[in-house]
K.L.:
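Encoded as structure tokens, here's the structure I'll be asking about.
Numbers for residues simply follow the sequence, beginning at 1. Excluded from the calculations below are hydrogen atoms, water molecules and symmetry mates; all remaining heavy atoms, backbone and side chain alike, are included.
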Amino acid sequence: MKFNYYADTDSLYIDFIDGPGVDNVIITDDIVADIDAQGRLVGLDIQHASKQSDLSKFFVDGLNPTLEITGA
């Protein structure tokens with residue numbers, strides 16, 4: 001899973017799996033889900049992300065992820 005934040009557009013994209021999305025589902029005006037050809041969730045595009053959530057905190061509960069920080 002990969003989180004990509006774009007400050008210039010205040011958008012957050014969460015990649016769940018690698019690969020192209022072939023369709024999307026509009027969840028709200030600010031949230032769109034990308035779906036692959038097998039119907040799997042590829043990613044979520046969240047517009048106005050800083051207004052949707054506190055981006056200064058990141059919690060992972062129940063997992064032991066490897067944390068890699070890039071592009072600061």
Side-chain angles (χ1 to χ4, degrees):
M1 184 181 301
K2 184 177 177 183
F3 292 77
N4 300 285
Y5 178 68
Y6 304 97
D8 58 331
T9 59
D10 190 23
S11 61
L12 176 67
Y13 192 84
I14 304 170
D15 286 291
F16 289 98
I17 59 174
D18 289 332
V22 298
D23 199 4
N24 57 49
V25 176
I26 298 171
I27 298 171
T28 70
D29 287 342
D30 293 331
I31 302 173
V32 177
D34 291 330
I35 309 297
D36 72 4
Q38 288 77 41
R40 297 176 298 180
L41 179 62
V42 173
L44 288 175
D45 185 14
I46 304 169
Q47 298 298 309
H48 311 290
S50 67
K51 294 173 180 61
Q52 306 277 349
S53 181
D54 180 1
L55 299 178
S56 68
K57 297 177 183 176
F58 184 77
F59 298 94
V60 178
D61 192 15
L63 298 174
N64 188 20
T66 299
L67 181 61
E68 198 175 303
I69 300 173
T70 61

K.L.:
Looking at every heavy atom in both G43 and F16, which two are closest together, and how far apart are they?
P.N.:
CA-CD1, 3.8 Å
K.L.:
For residues V42 and M1: do they belong to one hydrophobic cluster (side chain heavy atoms under 4.5 Å, members Ile, Leu, Val, Met, Phe, Trp, Tyr)?
P.N.:
no
K.L.:
Return the CG to CD distance between D10 and Q52, rounded to the nearest 0.5 Å.
P.N.:
9.0 Å
K.L.:
Drop me the distance from Y5's OH to S50's OG, to the nearest 0.5 angstrom.
P.N.:
4.5 Å
K.L.:
Please round to the nearest 0.5 Å and tell me the distance separating atom OG of S53 and atom CD1 of I46.
P.N.:
8.0 Å
K.L.:
May I ask you to check whether over 12 heavy atoms, not counting those of D8, lie within 6.0 Å of atom CG?
P.N.:
yes
K.L.:
Which pair of non-hydrogen atoms, one from V22 and one from A37, has the smallest distance, and what is that distance?
P.N.:
CG2-N, 3.4 Å
K.L.:
Show the nearest heavy-atom pair for residues A49 and L12, with the distance to one decimal.
P.N.:
CB-CB, 3.7 Å
K.L.:
Looking only at heavy atoms, which two atoms of H48 and D30 are closest? And how far apart?
P.N.:
CD2-OD1, 3.2 Å
K.L.:
For D29, does the CG atom sit with more than 12 other heavy atoms under 6.0 Å from it, leaving out its own atoms?
P.N.:
no
K.L.:
Could you walk me through whether R40 and I17 satisfy the side chain to side chain contact (heavy atoms under 4.5 Å, CB included) test, starting with their C-alpha distance in whole Å, then the side-chain angles of each, then the deciding distance to 0.1 Å, before giving a yes or no?
P.N.:
CA-CA 9 Å; R40 297 176 298 180; I17 59 174; 3.9 Å; yes
K.L.:
Give the cluster check for L55 versus F3: same hydrophobic cluster or not, with ILVMFWY residues linked at side-chain heavy-atom distances below 4.5 Å.
P.N.:
yes
K.L.:
Partners of I27 by side-chain contact (heavy atoms from CB on, under 4.5 Å), sequence neighbours excluded?
P.N.:
I31, A33, L44
K.L.:
To the closest 0.5 Å, what do you measure between CD1 (I14) and CG (D45)?
P.N.:
9.5 Å
K.L.:
Go through the structure and list residues passing side-chain contact (heavy atoms from CB on, under 4.5 Å) with D15, not counting sequence neighbours.
P.N.:
K2, N4, Y13
K.L.:
With rounding to the nearest 0.5 Å, note down the distance linking CG in D36 to CG in D18.
P.N.:
11.0 Å
